[in-house]
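Below: one structure, written as structure tokens.
Every chain is numbered from 1 and lettered A, B, ... according to where its sequence line falls, protein lines coming before strand lines. Values in this document were obtained by computation on a predicted structure and should not be read as measured data.
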Amino acid sequence: MTGRVPSIACIGVIGKHNNPLHISLFPAEERAPLEFQFLLSSCLDIFEARLPQKTVDQDFGLLQAVDERLAMYGWLTNTGVKFVIVVDMEGRPATASDSKTSTAVGLRDADMKPAFRALQTAYIMLLRNPFYSPDEHSPLAANAEKRVGSTQITSRKFIEEVKRIGEAWAPGITNI
Amino acid sequence: MNTPRNGAPTQGAAEDGPRQTQPSAGVMDGSSSSKVTVEYHDPSGLFPLIQEQLSARLPLRNLHWKSPSRPLRSIDSLHVDLIPSTDLVHISTAASPGLAPSTASQGTSSSPGPTSTEILRPPGKERRHQIPGLRQTPYLKIYILRCDDSDTYKATARKQVREWVKAHTPPSQSSSSSSTQENHDAFEWLILHVVVPDTPAASQPRGSTSSSTTGGEKEKSRWTRGTATILEKLRADFNISSKSAPDRIAQIRLQKNAVPAHMLPPASAATGQSISENPQEQERAWNDVIIRFKTLILLSFDLRVSQYEEDVREKDSQRALPGWNFCTFFILKEGLARGFESVGLVEDALLGYDELSIGLDSIVRNQANEGSQTQGGVLANYTDDLYRQTSDILKRSQKDDGGRKEPQPRIHDSKPIDARKKNYRDLILSNNISIFDFRCYIFARQMSLLLRLGNARSARSDLASKLQPRPNARVLQRSVDDVNVGAKADVQLDESEDLYSFAELCSRALNFITFASRLLREDLRNGAQAHNVKFPDRLIDNLVRSWTFAALQQILDETTTSSLPISKFSNDIASGSSGKMRSFGNHNEEQKLSLAEPKTMIYPARSSSLAFGGRSASTEPPYAAPTASGQVVYENGQYQDRPAPGQESTTPQAKSGLQGFASTRAQLYVAERRILEHVGKSLGWTIGWDAILPSYPQREDLSDVDLHEESSSGDENATSKEGLTVTSPTVGISAAAIVNAVSSIEQFRQFYESLSDLIVKHYMAAGQAKSGESILGDLAVVRFELGDFAAAAMYFGRMASLFAETRWNFVEATMLRMYAQCLKKLNRKDEYVRTLLDLLAKSAASRKTIRTFVSNAIGGSKSWLDDDKVDTAGLFEELIDFSRQLPYDVSVPMGKYFGDIVVEPYVRHFDDKDGFQLRLQFRHVLEDDVEIKQAKVRLTSATSAQGKDIWLESSDPIQLNKGVCRMWLGSNVNTTNTFVVDQIRIEANRIVFLHEPFTKAEATTPLSIIASVSAAALKAAKKSRILCFPRVEAFQTRLYLSRFIHIDKRRLIEIELSSGWNDMQRAEIRLKSGSAGLRLRTADVTATSSDVDIQDKSRPGVIAIASMRPNTTATFQVPYELETVLPELSIKCEVEYDTEKGTFQYYSSFTIPIELPLDVNVHDHFKNNSLYSKFNIKTSNQYPLEILDIDLDGSEEYDVQGPRRFKENVLVLPRQPMAMTYKITKASERAKRRQSKVPDGGSLALSVTYRCMNEDARDRVQELFTRAVENSQVRRLARILIATFTDRLESRVLPQQFEKIALLDKVHMGSFEDMGWSECIDSLPQAVQEETQKWLQKWHEDHKYILLPSKADIGTPDSGTALPSPHPPRRIIITVSIPQTHILHTASLSIQSPRHASSSFAAIAIAGQPLVTELRIKHTRRWASPSSLMAAASLSSQDDPIEFVYTVEANPEMWLVAGQRRAHFTAREDEEHKCPIMLIPLKAGNVLLPSVEIRARIPPKTEQKRQSGGPVPVEEGGEQLNCETDLLSYGESVMVVPNVRRSTVGIGNMNLPKSTVWLESEGGL
């Protein structure tokens, strides 16, 4: 085995109105931002298409395998915020500690759950911050106030947390 | 149990060889179809006779299978493969057709084998497996019995049948066989009695008399009839008499004409009457047979399933045991799945495969984890033949000619996923399969199942081709089944496709293929590693990509359906590409090869039938296919017309499934396109965003490309292909579409584009607009690259707004950039500029907001994608440059591009000239340094709406650098007022940035409520109010009411100009009236000081003057007129003046009170010779006046004698008016002389010199303050301080204390706080605020009181004493006209009594005694002009006597008037008329004399006119004759005493009543 194991290539947090709240790339230098933005925006369709069939579960599982390497997984919170994780199946070189199963078997949806849970926790922590108003990050509000620019989250803590999640995740990990 | 497994490898290996040589057998082996085998034993050769009838009733329909562990399953249709038993083969070859009973079959059946069932298998025809589940062993065996009569039955047939049955007793029924293992091949048997007509058997009644009876009744009735018939005998002999046991006997009767002659018994043999059946009965008989078929097949199926399930369970439970082999398990379980499949239970089969796939996962996982050979068997980690092929490719490509002469070896064909491609099952069985192959196999099976579920066209044709008579069935004649009929019907029948299954397939395929391509890569690497060679990475890449692409394309082809509207297009593409795909080899000659290729194809028939079938079918809608009404089975009314409900459900289902299907197809296409991109990238071709946004880091890892490739890929691709490179960049790519695409970059682009187009169409069909849009973006980029800017612009523009809606800022910005580029190319200047502006706005917005952690974003990690970061370097400059080409100015809100726009509200003065400066400050957040032409700020007056706006401008072009920009904007205006910034305007070529602070503040109220705009605006305005004031040395103007007023002349205002430090060369004063009805007569302006020339006063309102030297003052007087009475005038004054330093302007507006502060009343008293006028002067408002001087000038006609002048100024307080009396006498001769000339010239002029206390106090205090200021350190602020001081003084301090000031000569200034300085101080520059405040506080402390002494005691002017007013006092001249009195009577009532006449005191009169008085009356006519007198009195001449009437008016209680109380008399001037009047006082006391009233008696006008004719002036008609009386005795009184002197009273006897006696009384005179 040449030993490259899956890693998270991109984490996208997308708001209720399909506005990007946060996008992280791992490693940022190697990823073309535009490409991933297009990927994220197109996977919103899949959320929408699958939504009628979903009942309780928040985990949307594999949204779409983009190519040999990239695959997108989704998660929807109760407030309509979507988390999308793009996994690069050959994201980083394997280390001794990595299990080799994923190359042979592929990822299971369960593998992604810890990452999503951690993301949701991070987002909840962000919401608990009294200085973070979700309404300020809604494009509706921004349009109404004629604000220019994006509605992304700028909380440094949140960003760092997302970064930590993105770097910590590996297949088979149970707790981030 | 172990036996079969142990044997497996050897046997599998042994049979591997022949299998390879017989590929067709392998094909059929893995086939899937819903087909069961039914074996018939036909010793009598009757099968051909019944075949037709039987086939017509096949396939079996609507089987309902209920197993204990599953819900009820329905099998729609089941094909039946009828094969002759091998026994029959032997028989039919050996024995002559006929009735010859064959016993030889028993011999053949006793072949060696562990079980009895094995015996019956035709040796060599089907490969035998130890692992069950593969076999197509018959589910049902039929004995076709010909038994013509009962005798034969008894003699031979019974025995034959019994033996046959004995031999074929299914294990389940044979009590001896308890091994459940046998149930893998469980089958049932059936005896079909064929009755040949004209035989005794035919004459036997069938037992059914009525067609309506049910089967059960039939049976019953048969039994009751006795055992006569053969059928009943058969039943009795062979049916097991258990209730649950199935009926295994069936009978059909042949029609006579259907039987060939030789089969018929000889006619003589016909013993009985043959019962001829009507068609209905025949039909029923056949139905009976079919029902038997179904029941029995299901029975054996059930047995087999339960057997398999048990096996699977058992194997599964052994999983933990050592030596457990997954492959074996797999085969076992797959057997079950195949069993399901073969009866049409596709879902169950799919489920089985899914479970297997998961099982494989866990095995693989275990294997990977433990890393070594473990239990469950090990899977090879590479595929042998893949390795071989790859090394072939490598070798070939390393040859000099690149191996292009012969077809290149390849690792896949157009259908890489095919369960029949390799003998996977053997590989599995032999434990020799790689993971990749294993997975491929499973997926291939799943795919075919799903396709079947979805009723795909390909699956249908697949099925059809499979159901063809076996090519290898080495049966002599009649291996016949229903397919010939059914297949044809099928193709038309089931056009409705289940799109859900397709969608499922597509999404599974996407996951699988992407996953498998990773596996393939691993596989190749491992293979190389195992053989200690190294494949070039590029080769591996290409191989993997090629495989992946082909696999994706295969899925797309397979799922092509006419339900998807765009699939027609995709069909073309798919078929086109698949056509190309056939040319695996030399792509340069692909066209030629593609024609030749099909012959070498492995499955030409299938491939072409797919293509043609698909295309021909797609032309007609699926529901247009006719329903196969002929196939409808009616059975007991419970079977329905099958296609009908299906058809109904198709339409909505297809619709709803369509979206999902389209979307998954689109995803497949996306994956294809990505492969294409990757391939292109390895060739050095970039497409899409990568191509035009090279600034982004290349995502492609460079390990994919050798250094060598890198150098060559940039070159012409052709050279590298033909070149002698070791590995050409395209080696290994064999998917035809890609091969074609990489032939040139144009092809590449074209293919990319058509793929994108397909994706978009699919996404749109799926309703997934967002995904579609992003693909459209790619298309746009391609268009852009190709130079089709118009199309690209359209795309970009649309997408930018779409993404902007949901705030995908980064994407939007990118789109906008592209859009802008397109627009520029298209020369759409306006839009280009606007787009750039949009883009810059975005960039600026983000920069403004994220400024706080800019350092973090730059210095820290870039791990997160800052959506706001928009790279706009260079754009701003470009914009400004480009805007030159615009024909007009584009104005944009400045706030979008610059941050923190502020005009500091503090003025700064120039050092050498008038005017002032303000500092504009803003933050330039964009990268580019640009030059702006001009910056301007407009100020509007904060207080009045009509105030003049002031523009401040920057003088020179300014270079803007990133960061805070500060600039001073200057103005030449000289004014004192508060202003607010109305507009900020920055011009850079044609781009004008506008900022209006206050309108903006109103607009951005949250919640979009228009909440109290005024309040918000006020608040904002207050903060940024700018107090403008000129420098102390600056030019100044003062307007005031002229100090001298002549009440009858035009009033004047005075303008005082003080030039300050300006050496003015020219000035132009514009006066504008601000009050309605005010007219300023500037044409009549006069200069009061001589050193200024008025050059031009011709234009209304404009006064032009010549030069004025520094520090000079000039005053002009301008008359004005009023149309209405106004309390004050408001006048705007603008002065424009030129100095050497430029032109300056002065604005100011003045409000001048014009109400006179004093009222003058006159009271006149006429005397005969003089007139006494008393002037009462009082204040008209509450302000005290100080009268300095008052004088009444005599005129030519009158002389005035006044009192002596007063020494001190007189104060006139509101409650203390002042009075002056003048004696006016008529100037004697001169007057007389002029009397005739000047009839009415008797006016006098009263001139009053006065000061208003308010003005005076103000001026003096102001002067004091001014002096203090000018000698202090805050001198620079003098103008504003003085102006403010005056304002406050007038409004706050003085009004309450005027009387006090007047009386005490002292002003109480109040404290610093009372004065309200804070507002003024706040608007001063911060640097001087504190200083000013301190100074002012000090001043206020020192000047709590200010003395305003009158001029007498100004000896020592200390700081608290105000000097006398600098201005001269005001003076007013009031003309006083002498009232017209025509006739003045002087009357006197003098007492004539001698006793009293002498007394100088008041006369004493005795009540009751008469008092003689004399009334004297004379009159003068001098107080009126003679003419008016004549007119009034209708006199003909001046000296004519006038008739008068006098009346003595006495109080009747006081006076008794004796004599003529009222009398007429006629008198001339100065003629005295006397008459005595007797007055008798009635009461005692001091009594005034009666008054006398004299009136002229004027004859009536008409009369007068008649008499006098013409000379009477007409206008005098209304004039009364004014007649006054100067009664000299007015006020004289008389002491009236009672007329009693002495009285004597006598008092007598006190006791008597009348004792008091009036004795004497001495009366008076």
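Under a 3.5 Å cut-off, the side chain of Arg50(A) and the backbone N or O of Phe60(A) do form a donor-acceptor pair.
Residues Lys157(A) and Glu161(A) are not paired through a salt bridge, judged by the lack of any N-O separation under 4.0 Å between the basic side chain and the carboxylate.
For Leu40(A), the parts lying near chain B are the backbone and the side chain together; criterion is any non-hydrogen pair under 4.5 Å.
For the set Ala671(B), Ala516(B), Ser517(B), the count of heavy-atom pairs under 4.5 angstrom toward chain A peaks at Ser517(B). In terms of non-hydrogen atom pairs under 4.5 Å with chain B, the most contact-rich of Ala65(A), Cys10(A), Gly12(A) is Ala65(A).
In this structure, a donor-acceptor pair under 3.5 Å is present between the side chains of Asp45(A) and Ser771(B).
Between Glu35(A) and Leu70(A) the shortest side-chain heavy-atom distance falls below 4.5 Å.
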